[in-house]
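Whatever order the structure lists ligands and atoms in, that order sets their numbers, starting from 1.
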Amino acid sequence: MKYAFVKKSGAFMSLLLVGQTTLAASGDSGMLQSGDFVGYSFWLISMALAASTIFFLMESLRMGGKWATSLTVSALVTFIAAFHYFYMRDVWVTTGNTPTDFRYIDWLLTVPLLMIEFYLILAAIAKVSGGIFWRLLIGTLVMLIPGYMGEAGYMNATIGFAIGMVGWAYILFEIFAGEASKVAAAQAPPAVQKSYGLMKWTVTIGWAIYPIGYFLGYLAGGTDMGTLNMVYNLADVLNKIAFGLFIWYAANEDTAAHVNR
Ligand SMILES: *C/C=C(C)/C=C/C=C(C)/C=C/C1=C(C)CCCC1(C)C
């Protein structure tokens with residue numbers, strides 16, 4: 001058991017190294033220049049995401065049982081994001097451009113996984129319908145696809161923004177007043193309720209940073225791309241790593257409560 005554990009994490013770390021090396025070799029990646037604070041923030045979030053992945057995977061193996069899936073999904077989110085950040089950092093450092101396309105590819109993969117977490121933490125403690133997951137997924141697609149089309153110039157920027165806002169509002173409705181919120185309020189133990197509340201407010205306040213960035217960049221006459229990237233990078237620390245830690249908190253409390261009983 002212990003050996004399998006070491007083998008698994010060893011395999012994972014090799015994977016990460018291979019990925020990183022491949023990416024580094026694939027472009028004539030420039031050097032991170034001293035004083036490039038946006039570049040530093042890309043570097044820091046890349047490493048924080050990689051380290052978080054190892055943490056969530058290890059904790060998933062340690063706790064196991066009904067919390068294993070939630071923690072594994074947290075690890076998938078940080079893993080996928082880490083890869084995108086390695087690449088986005090190279091784009092920034094070599095060209096000074098904003099890697100918008102890669103951000104959207106990352107979001108398209110990680111945001112649905114973050115949404116599944118609402119379903120998974122409730123499914124760990126109660127019987128819940130799959131409808132929660134499907135509604136959150138639809139909200140995600142309505143939010144991201146028009147957002148991308150607006151930013152990339154395939155659609156009028158204002159219309160893309162407006163439709164995206166509707167998708168986000170729908171997600172907020174579901175987690176504040178829909179079925180998920182009712183299950184959480186009626187059936188969840190205190191630790192899960194606390195974590196649900198933190199996740200819900202992350203989706204409200206933490207996520208607001210992205211549409212604000214869109215608004216400033218495309219609708220309010222443009223903004224400094226360096227600042228915008230730095231803000232997005234910091235936002236992802238909250239929205240991907242801290243979000244995973246809120247789930248870890250519920251898992252850890254619930255696991256401890258059952259062990260001590
Ligand atoms: C880890 C990445 C996350 C949590 C990304 C979240 C992205 C959003 C909440 C984007 C929201 C947008 C709108 C609400 C309106 C349209 C423009 C978007 C796509 C930036």
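- The local environment of NZ in Lys194 is sparse, with at most 12 non-hydrogen atoms from other residues, nucleotides or ligands closer than 6.0 Å.
- Checked by atom type, the side-chain pair Asp36/Trp92 shows a donor-acceptor distance below 3.5 Å.
- Selection from Met165, Met143, Met149 by nearest heavy atom to atom 8 (C) of ligand 1 gives Met143.
- Nearest protein heavy-atom contact of atom 7 (C) of ligand 1 is Tyr210 CD1, 3.5 Å.
- Aromatic pair Tyr249/Phe246: centroids not less than 6.0 angstrom apart.
- A salt bridge links Arg62 with Glu59: at least one charged nitrogen is closer than 4.0 Å to a carboxylate oxygen.
- If you number the atoms of ligand 1 from 1 as listed, the ones under 4.0 Å from a heavy atom of Asp236 come out as 1 (C), 2 (C).
- Among Trp168, Tyr104, Trp207, the residue whose heavy atom lies closest to atom 19 (C) of ligand 1 is Tyr104.
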What pairs of donor and acceptor atoms, side-chain ones from residues 73-82 against any protein atom, are under 3.5 angstrom apart with sequence neighbours left out?
residue, atom, partner, partner atom, Å
Ser74, OG, Ser70, O, 3.3
Ser74, OG, Glu117, OE2, 3.0
Thr78, OG1, Thr53, OG1, 2.9
Thr78, OG1, Ser74, O, 3.3
Thr78, OG1, Ala75, O, 3.1

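- Applying the 4.0 Å criterion to heavy atoms of Gly164 picks out, from ligand 1, the atoms 14 (C), 15 (C), 16 (C).
- Ranking the protein heavy atoms by distance from atom 17 (C) of ligand 1 puts Tyr214 CD1, 3.6 Å first.
- The proximity of Val111 to ligand 1, defined as any non-hydrogen pair under 4.0 Å, is limited to the side chain.
- Counting heavy atoms under 4.0 Å from ligand 1, residue Glu151 does not touch it at all.
- Asp106 and Thr110 form a side-chain donor-acceptor contact under 3.5 Å, judged by distance and modelled atom types alone.
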### Task
Under the side-chain contact (heavy atoms from CB on, under 4.5 Å) rule, what do Ile241 and Phe55 come out as? Steps first, then yes or no, please.
CA-CA 11 Å; Ile241 298 176; Phe55 176 75; over 6 Å; no

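- Considering only non-hydrogen protein atoms, atom 1 (C) of ligand 1 sits nearest to Lys240 NZ, 1.7 Å.
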